[in-house]
2 protein chains.
Amino acid sequence: MQKKGTAGRTGAGRDRLPRAGTAGTGSRSQATRERILDAAERLFAQRGFYGISVRDITGAAEVDVALASYHFGNKQGLLEAVFMRRAEDLNAERSARLDAVLAAAKGRRPPKIEDVIDAFTHPLLDRSSRGSPGWKSYFALIAEVNNSPEFGGVLMSRFFDPVVEKFIDAIRRALPDCEERDLYWAYHFLSGALTLTFAETGRIDKLSGGACRSSDLDSVHERLVPYCAAGFRALCAAKRATPRPSRTAKSRK
Amino acid sequence: MQKKGTAGRTGAGRDRLPRAGTAGTGSRSQATRERILDAAERLFAQRGFYGISVRDITGAAEVDVALASYHFGNKQGLLEAVFMRRAEDLNAERSARLDAVLAAAKGRRPPKIEDVIDAFTHPLLDRSSRGSPGWKSYFALIAEVNNSPEFGGVLMSRFFDPVVEKFIDAIRRALPDCEERDLYWAYHFLSGALTLTFAETGRIDKLSGGACRSSDLDSVHERLVPYCAAGFRALCAAKRATPRPSRTAKSRK
DNA sequence: AATTTAGTTGAACGTTCGTTGAAATTCAAC
DNA sequence: GTTGAATTTCAACGAACGTTCAACTAAATT
């Protein structure tokens, strides 16, 4: 049940990739890569990795089918290239915003949870609703991958967990008494709420009788931040409340 | 880029399905159906609808490949049958629990949000962690489908939205001043957090350095309920505070 | 201008895809 | 035990799958 395509593979196809440094500088090659990436991004987002063939992608990109293998090695390499292309820009802004929030609260009291969450989510929702159309596909793809047992644990971790750790560390400062596990599970809930939003499945539209629209990401964002902020606080407050530690001795920073 | 399998289909294949009432009563046929459904459930959950072939499924079920078409019409019919098989039992208990929560608060004050959320989520998390192994696959499949642009809006709605509406109505009573859109978006966040949990991708395990385990659904549940309850309250409280409507005139219904 | 290199093309490979048709088997009713 | 329907088997269909190969064009280097 494993291998779908031909099995006649001996090497890996990778050995024929254009060398990273030398190639890709020509504008012709670069344009081809981008066309393929654009099409792959859009189609993978619609039907997932297995639901789209390499020929679907190169056909939509109007390039020869062999160019996918030439530029990205194989289908999985293409998927990872789609992931990587926008991840760098994304992580850079998220990281900078987190730094800014922490710097603004410097020395003084801990940062506000809402500000930390906003620093983490705003770059995403803003690009999805106001960026180029490719961004919307990109996030829809992330939504699908994040909930996939096969790819979720590896791809998401590889590309996004460094900045996620930075986010969790900022929350840790905002809620110094919070237990570690509560912190991570609360992030997990945020991640799930956020990625389902990106999927834009239209289910909420139907359910709400049209009152809510999946594509209205601004409405989502202004609710997601207070929702999750309250969730973070509730989890941490609960743990401080029940075992009832002396509260003067325990509340240390 | 659309049709993957053969295109020579004229009718629908459905016309050869065993008639619902007469067939399926024989224990031989019923056992075959269940074997196929079990295998499909497990494999679809692992790699999604397109990542698994009909031959993968019938091979794992150790039945002839033609039996999938015979019993379920086609591949999509098989997916829907997998969905349907456990949905009825699930919806029945969720609905009964919601009724119980509402009945317990009858006449008196509104029900507690935590109780409503628990009635909605407990039947799922309990079956996933303590039910037969098929249940875990079932929920992992739901996690993937819920975040799929292609299937999320239709399959989830078809099988689960009736009881979801009942859930939202119960929350509406718990938070009578809440605006409709806030209610639906808050449910959306709950749905995302819940379904990402079901995916059990292992990402949280890595991220937390082993402190959290994806498979520890009890830990998730005892955090999901207060997290989302606080989120619901925060959304509704926010709307009551800022625009300050007369609150007697606006509290509709 | 000649030669190397990067990029592209079109065709083909062996395999797997979803589905079907006809024949064979099993079962229930008589 | 025969009949008729329900179920299972086996083989095959044409299409689509991921990938590769050798030939070819365009660009860069000498």
Side-chain angles (χ1 to χ4, degrees), chain A residues 1-36 40 43-44 47 49-59 61-79, chain B residues 1-36 40 43-44 47 49-59 61-79:
Chain A
M1 108 187 193
Q2 314 290 35
K3 46 186 70 168
K4 302 283 156 130
T6 178
R9 216 74 158 65
T10 55
R14 288 285 195 175
D15 42 339
R16 200 156 300 152
L17 277 180
R19 276 163 296 166
T22 62
T25 56
S27 67
R28 183 162 101 277
S29 164
Q30 195 60 24
T32 303
R33 284 178 55 95
E34 300 269 316
R35 290 171 67 84
I36 296 175
L43 296 174
F44 281 154
R47 307 220 304 175
F49 180 71
Y50 296 110
I52 291 296
S53 70
V54 176
R55 282 180 174 82
D56 291 338
I57 294 167
T58 54
E62 296 180 292
V63 302
D64 192 274
V65 61
L67 287 172
S69 299
Y70 178 74
H71 284 287
F72 304 101
N74 55 27
K75 192 182 179 185
Q76 171 112 16
L78 173 53
L79 174 67
Chain B
M1 112 189 190
Q2 313 291 35
K3 47 186 68 168
K4 301 284 159 129
T6 179
R9 217 74 157 67
T10 54
R14 286 285 195 176
D15 43 338
R16 200 155 297 151
L17 278 179
R19 277 163 296 168
T22 63
T25 55
S27 66
R28 183 162 101 279
S29 166
Q30 195 59 24
T32 302
R33 282 179 56 95
E34 299 270 317
R35 290 171 66 85
I36 296 174
L43 295 174
F44 281 154
R47 307 219 306 174
F49 180 71
Y50 296 110
I52 292 295
S53 70
V54 176
R55 282 180 175 82
D56 290 338
I57 294 167
T58 54
E62 297 180 293
V63 301
D64 191 274
V65 62
L67 288 172
S69 299
Y70 177 74
H71 285 286
F72 303 101
N74 55 26
K75 192 183 179 185
Q76 171 112 18
L78 174 53
L79 174 67

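Keep in mind the model is a prediction, meaning the values are calculated, not measured. Each chain gets a letter, A, B and so on, in the order the sequences are listed, and its residues count up from 1.
Comparing Arg55(B) and Phe49(A) by the nucleotide of DNA chain D whose heavy atom lies nearest to each, the residue mapping closer to the 5' end is Arg55(B).
Note on Ser29(A): every side-chain N or O is 4.0 Å or more away from OP1 and OP2 of dA6(C). A close approach under 4.0 Å does occur between a side-chain nitrogen or oxygen of His71(B) and OP1 or OP2 of dT8(D). For the OP1/OP2 pair of dT16(C) and a distance below 4.0 Å, the side-chain nitrogens and oxygens of Ser53(B) include no atom meeting the criterion. Residue Thr32(B) places at least one side-chain N or O closer than 4.0 Å to OP1 or OP2 of dT8(D).
In this structure, Ala66(B) reaches the bases: a heavy-atom distance under 4.0 Å links it to at least one base atom across the strands shown. Using a 4.0 Å heavy-atom criterion, one finds that Val63(B) contacts no nucleic acid atom at all.
At whole-Å resolution of the value, CD1 in Ile36(A) and P in dT9(C) are 10 Å apart. Atom CZ in Arg33(A) sits about 11 Å away from atom P in dT8(C), given to the nearest Å. The separation between Lys75(A) atom NZ and dC17(D) atom C1' is 8 Å, rounded to whole Å. Atom OH of Tyr70(B) is separated from atom P of dT25(C) by 17 Å (rounded to the nearest Å). Rounded to whole Å, the distance from CD1 on Ile57(B) to C1' on dT16(C) is 15 Å. When the P atom of dC27(C) is taken as reference, atom CD of Gln30(B) falls 15 Å away, rounded to whole Å. Straight-line distance from the CG atom of Asp64(A) to the C1' atom of dA26(D): 16 Å, rounded to whole Å.
Between the side chain of Arg47(B) and the main chain of Ile52(B), no donor-acceptor pair closer than 3.5 Å is present.
To the nearest 0.5 Å, the span separating OH on Tyr70(B) from CD1 on Ile36(B) amounts to 11.0 Å.
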